[in-house]
Amino acid sequence: MSKIALTNKLSKQYPTKNVVIAGGSVAKILSAEYNPKNARQSDVDMFVIGETQEERREAVTQLLTWFDSPDTYYAVNSSVVTVYIKNVMRKFQIISCSHTNPFEVLGGFDQTHVQWCYYNNAFLGTASALKAMQERVTKFDCVNSLKSERLIKTLYNGYHIVKS
């Protein structure tokens with residue numbers, strides 16, 4: 001698989017170590033029906049992982065440095081930093097967590113169809129995510145954070161929802 005070069009307009013290389021891009025935005029990119037216009041509806045969730053708090057702190061610092069420009073604005077809510085960039089129709093969320101690997105991140109997602117991530121220059125997903133993509137049917141997984149608007153979004157994106 002070829003590497004995806006992620007650079008910002010100041011030509012700073014994206015810090016891939018300890019950063020997992022995961023969720024609906026990645027699922028949309030991998031979809032056979034991918035359309036860049038529809039992809040703008042999804043925010044980009046970047047989960048900071050690491051074995052130690054220091055590793056995670058360093059990753060957050062590198063991400064904030066990468067985004068830094070006169071056109072960048074930040075909003076902080078608990079462990080989430082939302083990044084807004086002038087004239088960019090998408091928001092980015094830097095999410096601090098205590099996970100040590102990408103599959104711990106994916107295990108916290110409420111529905112199986114979004115259990116995809118981009119990490120260390122590779123796309124990864126759970127077996128349940130692959131099955132959901134093939135069949136266009138998602139299941140509940142981690143229901144601690146289940147919200148009705150997410151279910152509506154799932155249906156809008158062309159998935160059926162199974163509750164067993």
Side-chain angles (χ1 to χ4, degrees), residues 1-31 39-130 132-133 138-147 149-150 153-154 157:
M1 177 186 291
S2 64
K3 277 188 165 183
I4 297 177
L6 296 170
T7 56
N8 64 12
K9 64 183 178 179
L10 300 175
S11 297
K12 292 187 274 186
Q13 183 63 36
Y14 177 77
T16 57
K17 185 177 180 186
N18 295 335
V19 179
V20 177
I21 300 173
S25 60
V26 178
K28 283 185 179 183
I29 288 170
L30 294 173
S31 171
R40 288 186 298 198
Q41 298 166 351
S42 293
D43 53 357
V44 177
D45 294 327
M46 297 174 291
F47 292 82
V48 176
I49 63 171
E51 293 289 333
T52 66
Q53 187 174 3
E54 185 55 41
E55 284 180 349
R56 295 187 296 271
R57 183 180 301 122
E58 178 63 27
V60 169
T61 301
Q62 289 175 353
L63 276 172
L64 292 173
T65 301
W66 188 77
F67 277 112
D68 190 40
S69 81
D71 296 330
T72 305
Y73 302 89
Y74 305 95
V76 180
N77 184 4
S78 187
S79 61
V80 179
V81 177
T82 304
V83 180
Y84 299 94
I85 303 171
K86 185 178 176 182
N87 298 322
V88 173
M89 300 298 294
R90 180 188 301 260
K91 68 181 177 180
F92 303 84
Q93 293 189 308
I94 301 170
I95 303 164
S96 297
C97 61
S98 60
H99 299 311
T100 59
N101 66 67
F103 288 99
E104 288 179 2
V105 172
L106 298 180
F109 282 33
D110 57 357
Q111 298 172 70
T112 58
H113 75 286
V114 292
Q115 293 177 336
W116 292 100
C117 71
Y118 182 75
Y119 174 69
N120 203 17
N121 295 309
F123 289 98
L124 305 171
T126 65
S128 297
L130 179 59
M133 182 178 281
T138 191
K139 295 180 179 177
F140 297 119
D141 203 2
C142 179
V143 293
N144 296 341
S145 60
L146 194 59
K147 297 179 181 168
E149 54 269 11
R150 296 212 13 97
K153 189 176 180 181
T154 298
N157 285 318

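All values below were derived from every heavy atom in this structure, side-chain atoms included, with hydrogens, water molecules and symmetry-related copies excluded.
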Chemist: Excluding sequence neighbours, so at least two apart, what forms salt bridge (charged side-chain N to carboxylate O under 4.0 Å, His left out) with Glu149?
Modeler: none

Chemist: For the pair Asp68 (side chain) and Leu64 (backbone), establish whether a donor and an acceptor sit closer than 3.5 Å, ignoring hydrogens and angles.
Modeler: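 No; judged by distance alone, with no hydrogens or angles, the pair does not exist.
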
Chemist: Taking the side chain from Arg56 and the backbone from Gly50, do they hold a donor-acceptor pair closer than 3.5 Å?
Modeler: yes

Chemist: Just so I know, are the side chains of Tyr119 and Ile49 near enough to count as touching, which here means a heavy-atom distance under 4.5 Å?
Modeler: yes

Chemist: Is the shortest side-chain heavy-atom distance between Ser25 and Asp45 below 4.5 Å?
Modeler: no

Chemist: Identify every side-chain donor-acceptor pair in residues 92-100 under 3.5 Å, counting partners at least two apart or on other chains, and give the distances.
Modeler:
| residue | atom | partner | partner atom | Å |
| --- | --- | --- | --- | --- |
| Gln93 | NE2 | Thr82 | OG1 | 3.4 |
| Thr100 | OG1 | Glu104 | OE1 | 3.4 |
| Thr100 | OG1 | Glu104 | OE2 | 3.2 |

Chemist: Would Leu63 and Tyr14 satisfy side-chain contact (heavy atoms from CB on, under 4.5 Å), going step by step from the backbone distance to the final call?
Modeler: CA-CA 8 Å; Leu63 276 172; Tyr14 177 77; 3.7 Å; yes

Chemist: Could you list the residues that satisfy side-chain contact (heavy atoms from CB on, under 4.5 Å) with Thr52, not counting sequence neighbours?
Modeler: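 Residues passing side-chain contact (heavy atoms from CB on, under 4.5 Å) with Thr52: Glu54, Glu55.
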
Chemist: Measuring only between side-chain heavy atoms, which start at C-beta, is Thr126 closer than 4.5 Å to Phe109?
Modeler: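 Heavy-atom side-chain distance check fails, nothing below 4.5 Å.
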
Chemist: Show the nearest heavy-atom pair for residues Val105 and Ala22, with the distance to one decimal.
Modeler: CG1-CB, 4.2 Å

Chemist: How far apart are the C-alpha atoms of Leu106 and Trp116, what are their side-chain angles, what is the distance that settles it, and do they pass the side-chain contact (heavy atoms from CB on, under 4.5 Å) test?
Modeler: CA-CA 7 Å; Leu106 298 180; Trp116 292 100; 5.6 Å; no

Chemist: Could you pull out the closest heavy-atom pair between Ala27 and His113, with the gap in Å?
Modeler: CB-O, 3.6 Å

Chemist: Is the backbone N or O of Ala132 less than 3.5 Å from a side-chain atom of Thr138, with the two atoms forming a donor-acceptor pair by type?
Modeler: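 No: the side chain of Thr138 does not pair with the backbone of Ala132.
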
Chemist: Are the side chains of Val114 and Arg150 in touch, meaning some heavy atoms are under 4.5 Å apart?
Modeler: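 The answer is yes, as the side chains (C-beta and beyond) meet within the 4.5 Å cut-off.
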
Chemist: When rounded to the nearest 0.5 angstrom, what is the spacing between CE in Met46 and CH2 in Trp66?
Modeler: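 If I round to the nearest 0.5 Å, the distance is 7.5 Å.
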
Chemist: Please find the pair of heavy atoms, one from Gln115 and one from Ser128, that lie closest to each other, and give the distance.
Modeler: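 What the structure gives for the nearest pair is OE1-CB, 4.0 Å.
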
Chemist: Check step by step if side-chain contact (heavy atoms from CB on, under 4.5 Å) holds for Val44 and Ile21.
Modeler: CA-CA 7 Å; Val44 177; Ile21 300 173; 3.8 Å; yes

